[in-house]
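Index from 1, following the sequence. These numbers were taken from a predicted model, which means no experiment stands behind them. Heavy atoms only: backbone and side chains are in, while hydrogens, waters and symmetry mates are out.
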Amino acid sequence: MSKKKNENEEIAALCGDFMMNTYSKTATIVRGEGCRVWDARNFVYLDFTAGISVHNVGHAHPKVVEAIQKQAATLAHCSNLFYTPMQGLLAQKLSLIGLGGKAFLCNSGAEANEAMIKLARLYGHEQGRYEIICMKNSFHGRTMATLSATGQSKVQKGFDPLLVGFEFADFNDLESVKALVNERTVGILLECVQGEGGVIPATPEFVKGVRALCDEKGLVMMCDEIQCGMGRTGTWFGWEQYGVKPDRLHAGEGAGRRSAAGLRCWPRRSFPRSSSPAATARPLAATPSRARPPWP
């Protein structure tokens, strides 16, 4: 048995002994460049997952590496009690390419969705509206709230009782959505392309119909862009392909290019004050997001 093969097995054994078995791992990866990754035996693989929608510009992109190295040597982290320049510049950029208004910067896609659910409830609280219509076959995260908003029983098994306030419609079936609207409904949550559910695009008629329904009923249209956002459909966000604008969008780690980051954007007209996570968008995470990408 070669030394490199032993090294692969040693890494796998170490992780198996001390890490919880939350994923079925199939290979040991030690480095990456562009869309390729290597294991300890120097076998090369094509990375079609992009780190599960994280490495939009590939592994070890020189502009991203340079930005991280420079910021790490300047200021890696401080609390939300202080302003930092990269935070403001990143929020400004996201506002310009997104919905306008203000951005909530956080640490992951699940946290961005969790914040979206909290803010939706806050928005409808005085009217007694808290229910969110979600889609069957959707995926929004593994925290308790995002798990409860996910339309797949396989990821919810064992975590009962789930949080109340989520109803599920058939994806691409507008009548199914309309049938669930009631006096408690505050908004509709969808992915323009269902990722975990099987890479299923929403039809233009469905997205436009949801937008019209939200306008008619005074509901908030929320687009989860964690899988289909940050340039993956040819535009910055998936909703841009449909000629409509949601009221809120949320994206995940791809917004940080390689660092743990998440965001949600809320238009200026209805932004409430709320709590935020203690490690929100540290300078080291905000900086690579500002690195110029290899597209205009």
Mind checking side chain to side chain contact (heavy atoms under 4.5 Å, CB included) for Asn172 and listing every partner two or more places apart, or none if nothing turns up? Ala202, Thr203, Phe206

I want to check something: taking the side chain as every heavy atom from C-beta on, are Glu9 and Thr28 in contact at a cut-off of under 4.5 Å? no

Set of side chain to side chain contact (heavy atoms under 4.5 Å, CB included) partners for Ser148, sequence neighbours left out: Leu162, Leu163, Phe166

Please assess Tyr130 against Val186 for the test side chain to side chain contact (heavy atoms under 4.5 Å, CB included), listing each intermediate value before the final yes or no. CA-CA 5 Å; Tyr130 61 92; Val186 69; 5.6 Å; no

When rounded to the nearest 0.5 Å, the distance separating CE of Met135 from CD of Gln194 is 8.5 Å

Within this structure, what is the CD1-CE distance for the pair Ile117 and Met144, rounded to the nearest 0.5 Å? 11.0 Å

All heavy atoms of Gln227 vs all of Ile52, minimum pair found to be NE2-CG2, 4.3 Å

Phe139: what forms a ring-ring contact (aromatic ring centres under 6.0 Å, His included) with it, not counting sequence neighbours? none

Of all residues at least two apart in sequence or in a different chain, which pass the side chain to side chain contact (heavy atoms under 4.5 Å, CB included) check with Lys157? none

Minimum side-chain heavy-atom gap Met221-Val210 below 4.5 Å: yes

Would you give the length of the straight line joining atom CG of Leu189 to atom CG of Asn113, rounded to the nearest 0.5 angstrom? 6.5 Å

The complete set of salt bridge (charged side-chain N to carboxylate O under 4.0 Å, His left out) pairs with one or both residues in residues 29-38, sequence neighbours excluded, reads none

For the residue pair His59 and His55, does the interplanar ring angle fall in the parallel (under 30°), tilted (30 to 60°) or perpendicular (over 60°) class? tilted

Please report the closest heavy-atom contact between Cys223 and Cys192, naming both atoms and the distance. SG-SG, 4.0 Å

Glu126: partners by salt bridge (Lys or Arg N to Asp or Glu O under 4.0 Å), with sequence neighbours left out: none

Kindly write out the residues that satisfy side chain to side chain contact (heavy atoms under 4.5 Å, CB included) with Tyr45, not counting sequence neighbours, or none if the list is empty. Ile29, Val37, Asp39, Arg41, Phe43

Kindly determine whether Thr150 and Gln156 satisfy side chain to side chain donor-acceptor pair (under 3.5 Å), including the steps that lead there. CA-CA 8 Å; Thr150 290; Gln156 298 170 335; 5.7 Å; no

Taken in chain and number order and not counting sequence neighbours, the residues that satisfy side chain to side chain donor-acceptor pair (under 3.5 Å) with Thr143 are Glu114, Thr146

To the nearest 0.5 Å, atom CG of Asp224 lies from atom CG of Leu190 at 8.5 Å

Kindly state each residue pair satisfying salt bridge (charged side-chain N to carboxylate O under 4.0 Å, His left out) with at least one member in residues 133-142, sequence neighbours excluded. Lys136-Asp170

Donor-acceptor pairs under 3.5 angstrom involving side-chain atoms of residues 15-23: please list them, not counting sequence neighbours.
none

Please list, chain by chain and in numerical order, all residues satisfying salt bridge (Lys or Arg N to Asp or Glu O under 4.0 Å) with Asp173, sequence neighbours excluded. none

Partner residues of Glu131 under the side chain to side chain donor-acceptor pair (under 3.5 Å) criterion, sequence neighbours left out: Asn182, Arg184

Between Arg248 and Tyr123, is NZ or CZ placed under 6.0 angstrom from the six-membered ring centre and within 45° of the ring axis? yes

